[in-house]
Amino acid sequence: MNWIYRNRIGIFLVSCGLSAVAYLLFLYLDLLRLSALMILMIFSCSRAAITLGVVDLENVWKRFQNYFFSQQLANQYILRALGFFVVLYKTFADSTLIQLALACLASHLITMFIIPTFSGRAFPLEVSGLGLPESKADNDRHGLMNLSTSIFESLGTTLKFFGSALEPLHILIFCLSLRETNSILIWTFTIHIIINFILLTYSLITLISAFLGQSIKTSKEELFKKLDDYAPELILYFSADSVDSLYQVEQWLPSIKNSGHQFAIVTREHQLLNPLNELSPDIPVLWIRTFTDIEKAIPNSVKGILYVNNGMRNFHALRLAGITHVQLLHGESDKGSSSSKVTRAYDLIAVAGETAIRRYEENGISIPRSQFRIIGRPVTDSIIPSKQEKPIETILYAPTWEGHDSDSNYSSVKSIALPMLDWLSRNQPHIRIIVKPHPLTGSREPELLEILEEIKQIISLTNDSKSTQNKNIEANYSPHEFVGKESDLPLHDIFNQVDAVVCDISSVASDFLASNKPMFICDARGEGQSEIRSSYPTTQGSYIVNATHESWNQNQNAFTTDPLRGERVKARKEILGDFAGSSTSQFHSLLNEIVNKRGTANIDMISEKAKT
């Protein structure tokens, strides 16, 4: 099945080839209505190939889909239409019908392909802004400020909607050709042409009004001027592939807001503009498409740019001189991404504790200590640490995702999730289970999504069974829960609801150390307990488990007495920082220094100052 999924585009092409052969055969045999049916089948398969996701496709099929299908919609439409004309010509002798069909083709091509292509080339979308005040004295937030975006997004949305709405009409035309219904076909073509001309008129009016009203250049400069008037001291720069990565920036927003410094968010992906605005409606968000506009957009008031990942487009902003570039990352873990050579490019690197600094050294990455900042993890300030050990009544399973490649794959979803649930149901049936997978789970290995669905079903069936058994016994029965990526319940809020966590080699482990509660670390790669403890410092004081029931049986005492609690408390200081006060205050001190330009960062100076 996995091979079929990975090669689905190739399988589709073979199917199309066979359909084309059958189509030619039907034409030769003069089975014209069957020919029309085959065109309908090819048409439907083509649309399916265009809308198929490229996740986990082999590289050759990714390129094939992007070029042949996604970028050649007009060519495909023409080929399908020409094939259909052959059927019409041989089936119906009515010249009016053929003329209407040609007019339908021409109007559709102009409206749906030529006009969007022209407007995209003549008026390219380059910048957009949300939440910027109209003036310095205006405290109200406003919507899209860029003329190009407001007009052409509306045009693009309209054309896309009607393009999808016309698909059933195309299918209807194909189906009508199976019967001797030329009068109905004439009316159908006429309706299609009328719709196309209405859309064409709307498109032309939109283009003319944009051209006569205000140039794109002027609207872009106006947007940059409004940002300059807003005078942010900091920029939170965020570039990512999808909205599923919003968690990276979401964890830092409250701490930056509470710092008292004026800041704005800049993103490079247009699909992230609205989600970021919804995430923080009171903070201006800008989308900047081109490399050259980055420098134009950043006001002179900006003292520092904050980054939450090592995205490739970060370097478009990193080249700007006179600004302090700070890498925050989005979690403290023992993964390779937490000690990347790329991180050396930033002026300052904010880390949770000494363990993070040693991780760079142990991986042969030489970075001056003055480049680091120990700030802990501000997001863990909301975690309430337990005062003493207690029996586990609620446990969280928070696995990581499969990573960008096999080397960074520490996910336990495939190998450990189901055996773990089976063991808990057999040996700890009284424990409530909360499952919250990483939002990117299944993005590289789609089969993991099937396992998550199976976990949902197990939880649902277990809840139904327990609710029936305990309906007349326990009024306060708490069911198991699956918290999907569509939920707005923060992970760190769940930490306060549970008595223990089951997780992988990820930032979940380091953040959960702040709770002092038991942790079960999954050996998803089969490395063995001794190797895990020596290679991954965040696992100190944790219980190592794998897919076997034996590993869980060996750690039964963790569910009652928690003998490794002392080791975790000691590891917490090394991993999450040993300083007085909160992590948020440490982070705010860092931001104050950046904005006030008090000199070069020095980790030892800040750490000693925090201890006094």
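FYI, the numbering just counts along the sequence from 1. The structure displayed is predicted, hence computed values, not measured ones.
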Rounded to the nearest 0.5 Å, what separates atom CZ in Phe559 from atom CD in Glu393?
13.0 Å
Hey, are Thr343 and Asn310 close enough side-chain-wise for a donor-acceptor pair under 3.5 Å?
yes
Ser411 side chain vs Thr400 backbone, donor-acceptor pair below 3.5 Å:
yes
Checking the side chain of Asn309 only, and the main-chain atoms of Ala240 only, is there a donor and an acceptor separated by less than 3.5 Å?
no
I'd like to know if the side chain of Asp228 and the backbone of Tyr230 have a donor-acceptor N/O pair within less than 3.5 Å.
no
I'd like to know if the side chain of Arg565 reaches the main chain of Asn516, judged simply by a donor and an acceptor atom lying under 3.5 Å from each other, with no hydrogens or angles considered.
yes
Would a distance-only check, ignoring hydrogens and angles, find a side-chain to backbone donor-acceptor pair under 3.5 Å from Arg444 to Gly403?
yes
Neighbour count above 12 (heavy atom, 6.0 Å) for Lys573 NZ:
no
Would you please indicate if the ring centroids of Phe372 and Tyr360 are separated by under 6.0 Å?
yes
Closer than 3.5 angstrom, by distance alone: can the side chain of Glu402 be matched with the main-chain N or O of Ser443 as a donor-acceptor pair?
yes
Tell me if the centroids of the rings in Trp401 and Tyr410 come within less than 6.0 Å of each other.
no
Spatial distance of atom CG (Asn596) from atom CG (Leu591) [nearest 0.5 Å]
10.5 Å
If only side-chain N and O atoms count, and only distance matters, is there a donor-acceptor pair under 3.5 Å linking Ser338 with Ser333?
yes
Test item: Thr380 side-chain N/O and Ile383 main-chain N/O as donor-acceptor pair under 3.5 Å
no
Give the ring-plane orientation class for His438 versus Tyr247, where under 30° counts as parallel, over 60° as perpendicular and anything between as tilted.
perpendicular
